[in-house]
Amino acid sequence: MSTCYGAERRRLFARLGSVPNVPLRQSFWQNTAVTASGYQRIGVTFMSRTRINHVLQTSEPGSIVNVRGWVRTRRDSKQGFSFVELYDGSCFSGLQIVVDANVPGYEHIKEVTTGASLSVTGEVKASQGAKQRVELLAQKLELLGKADAETYPLQKKQHSFEFLREIAHLRPRTNTFGAIARVRNAASAAIHEFFQERGFNYVQTPIITTSDCEGAGQMFSVTTMDLHKLAKSGGEVDFNQDFFGKHASLTVSGQLEAEIFACSVGDCYTFGPTFRAENSNTTRHLAEFWMVEPEMPFYDLDDNMALAEAFIKHVVGRIMERRADDMQFFNERIDTTVIATLRNILDHEFIRLSYTEAIEILEKSGQKWEYPIAWGGDLQSEHERFLTEQHFKQPVILFNYPRTLKPFYMRCNEDGKTVRAMDVLVPRVGEIIGGSQREERLDVLELRMKECGLNPADYWWYVDLRRYGTVPHAGFGLGFERLIQLVTGMVNIRDCIPFHRVPKSADF
RNA sequence: UCCUCUGUAGCUCAGUCGGUAGAGCAAGCGACUGUUAAUCGCUGGGUCCUAGGUUCGAGUCCUAGCGGAGGAGCCA
């Protein structure tokens, strides 16, 4: 970044020969920066480079710009010029550049192949072609980096997602993965926006934990002990000798810590990586994924469900608004129903359905189930899909599950059989949110812990929240990559994170 | 972890009854062209995942292993 201050700034202006009459502080707050080419808006121009999205959307014909990026395709005309499509990731489309044979740099045109990097200065022109508003008539072309066409893995054709997973370092250069990256970014921003607008505190909960069981699956161990030595010794493992003096793991949830802040500074949320060492091989599980976990004091289950619905609608709405170009691509090439699905989500109230009511609907459905329906049993994928994809055809929030199916921290209902749990189910992806009102009563919580085979003493700090100034509170967890699956229509969650970690695979 | 499918050219795949290998795309060369998944012609390109086995002979059949995909479970 070339924003500069003080002596450096004076030197720069001395070199440029003029000092714009704008106070530095004012320029900073007006979202501008001093650059080598004078004052320009941050985010549009970087040094002397203009982003392609800006050229395509707002650059006036006649203006001179410099663009830099990677070549998508080149088409030559023997009349003595070439078309180069340049992509810099700033938007879905590339910029068509017309390079005449007399342009300095044209002598390297044969090396301007798919994947090569270029810097091109030229004049913005209204396009003669039908597929773009403007194009760039090159005045100078600089080949920054070659990409040998014989060995460069990406071609001007569709590749399978399986193949692209093997070249995860190059796949963000493709249409699909560029679009996913931008949508992921828009989703992250919308998530922070949603909570910040509502006065939530963003809390960073620990990645490393020594709570042996957080109630959400197998954990990865963290150790500095020499495993080779340990294997040879054949003795017992003494975690007192380990870095933390006890057995440590990667977190499977920030919820327990988030509750601490909910019960002190108020509404809060976490947004961070989560690790599950389950041997899960599906299109919707990752060993390392990102989770959003809001936690709110003085919320009951109804408040919690209302927040979850507003949350999903906010994020989906923002993405549709801000990444319309990428969404159009997903709708054309990935899943032709994805925009309709999202509209449907925005336009309708989520169905709220108790577990008991869901069981009744499934029993009366007349469907043949691979797994039988019975009150007290877990709902299977086929049951959840039936509810969201066939029966209601929209998101469904299931609540009040049997207590035997759910972890210790969920609040027990007066019926003695159910807890105030909720799962938000969406078409195709399934469970995207899991949450609950938390058990705030000390005696009930301790009872439930024992019922679940846990020792309350191991969670003394968690139990303390109920001992001192306990309040009703609630929260939920949203799987960020599942949200990306929902929004993009991508089938496999491994394609919804830049670098996926699953059993037998953690490259890049 | 279980079930099913799958592994052949850079990529996507075909390969019949067991008889030593094919297409499209990509690449290289050429033609043509304000083109935009351009088009047309020619050329080059193979450890048929690995290790065993059956057989005169295995890409093809059998066994084991290792990948990959889909479904299920666990969950977000």
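Not measured: the values here are computed from a predicted model. Residue numbers start from 1 in every chain, and the chains themselves are labelled A, B, ... in the order their sequence lines are given, proteins ahead of strands. All values below come from the heavy atoms of this structure, side chains included, with hydrogens, waters and symmetry mates left out.
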- Task: Take atom C1' in rU20(B) and the same atom in rC48(B), then report the distance between them in whole Å.
- Result: 11 Å
- Query: Below 3.5 Å, does any donor atom in the side chain of E278(A) face an acceptor in the base of rG73(B), or the other way round?
  - Reply: no
- Any side-chain N or O of S253(A) under 4.0 Å from OP1/OP2 of rA76(B)? no
- Whether F81(A) stacks on the six-membered ring of rG34(B) base, 5.5 Å and 30° limits: no
- Assess whether side chain to side chain contact (heavy atoms under 4.5 Å, CB included) is satisfied between I361(A) and H391(A), documenting all intermediate values. CA-CA 9 Å; I361(A) 288 175; H391(A) 192 78; 3.7 Å; yes
- Message: Mind checking if S381(A) touches a base, just sugar-phosphate, or nothing, with heavy atoms under 4.0 Å?
- Response: sugar-phosphate
- Task: Give a yes or no on whether a donor-acceptor pair under 3.5 Å exists between the nucleobase atoms of rU35(B), that is its base, and the side chain of Q128(A).
- Result: no
- Identify whether any heavy atom of V292(A) sits under 4.0 Å from a base atom; if not, whether one sits that close to sugar-phosphate; answer base, sugar-phosphate or nothing. nothing
- Query: Once you round to the nearest 0.5 Å, how far does OH of Y462(A) lie from CD1 of I260(A)?
  - Reply: 9.5 Å
- How far does the C1' atom of rC40(B) sit from the matching atom of rG46(B), given to the nearest Å? 27 Å
- Message: Base, sugar-phosphate or nothing for R72(A)? Non-hydrogen atoms, less than 4.0 Å.
- Response: nothing
- Item | Candidates rA72(B), rC75(B), rA69(B) - which lies nearest the side chain of R482(A) | rC75(B)
- Assess whether one donor atom and one acceptor atom, taken from the side chain of E135(A) and the base of rG34(B), lie less than 3.5 Å apart. yes
- Separation between NE2 of H108(A) and OG1 of T113(A), rounded to the nearest 0.5 Å: 13.0 Å
- Task: Could you check whether R333(A) gets within reach of a base, just the sugar-phosphate, or nothing at all, counting any heavy atom under 4.0 Å?
- Result: nothing
- Message: The test is ring-ring contact (aromatic ring centres under 6.0 Å, His included); show your working for F81(A) and Y106(A) and say whether it passes.
- Response: CA-CA 9 Å; F81(A) 61 96; Y106(A) 193 82; 9.1 Å; no
Write down the protein N/O and nucleotide N/O pairs, taken from nucleotides 38-47 of chain B, whose separation is under 3.5 Å; answer none if there are no such pairs.
none

- Distance between P atoms of rC25(B) and rG18(B) (Å, rounded): 32 Å
- So what does Q380(A) touch, heavy atoms closer than 4.0 Å: a base, only the sugar-phosphate, or nothing? sugar-phosphate
- Task: Determine whether the side chains of N66(A) and T121(A) contain a donor N or O and an acceptor N or O closer than 3.5 Å.
- Result: yes
- When rounded to whole Å, the CG to C1' distance for the pair D378(A) and rG73(B) reads 10 Å
- Looking only at side-chain N and O atoms, does R74(A) come under 4.0 Å of OP1 or OP2 in rU35(B)? no
- Query: Charged N to carboxylate O under 4.0 angstrom, K110(A) versus D76(A)?
  - Reply: yes
- Task: Could you tell me whether L483(A) contacts a base, only the sugar-phosphate backbone, or nothing, with contacts defined as non-hydrogen atoms closer than 4.0 Å?
- Result: nothing
- Task: Could you classify rU20(B) for me, syn or anti, using a glycosidic angle within 90° of 0 as syn?
- Result: syn
- Item | From CA spacing to verdict: ring-ring contact (aromatic ring centres under 6.0 Å, His included), F408(A), Y459(A) | CA-CA 12 Å; F408(A) 68 90; Y459(A) 298 86; 5.8 Å; yes
- Message: Using OP1 and OP2 only, check whether a side-chain N or O of R284(A) sits under 4.0 Å from rG71(B).
- Response: no
- Task: Look at all strands and tell whether S160(A) reaches a base, only sugar-phosphate, or nothing, counting heavy atoms closer than 4.0 Å.
- Result: sugar-phosphate
Which pairs would a plain distance check flag for residues 499-508 of chain A, meaning a side-chain donor or acceptor within less than 3.5 Å of a matching protein atom at least two apart in sequence or in another chain?
from    : atom 1 : to      : atom 2 : distance (Å)
R501(A) : NH1    : D507(A) : O      : 3.0
R501(A) : NH2    : F508(A) : O      : 3.0

- Message: Heavy atoms only, 4.0 Å cut-off, all strands: where does F163(A) land among base, sugar-phosphate and nothing?
- Response: sugar-phosphate
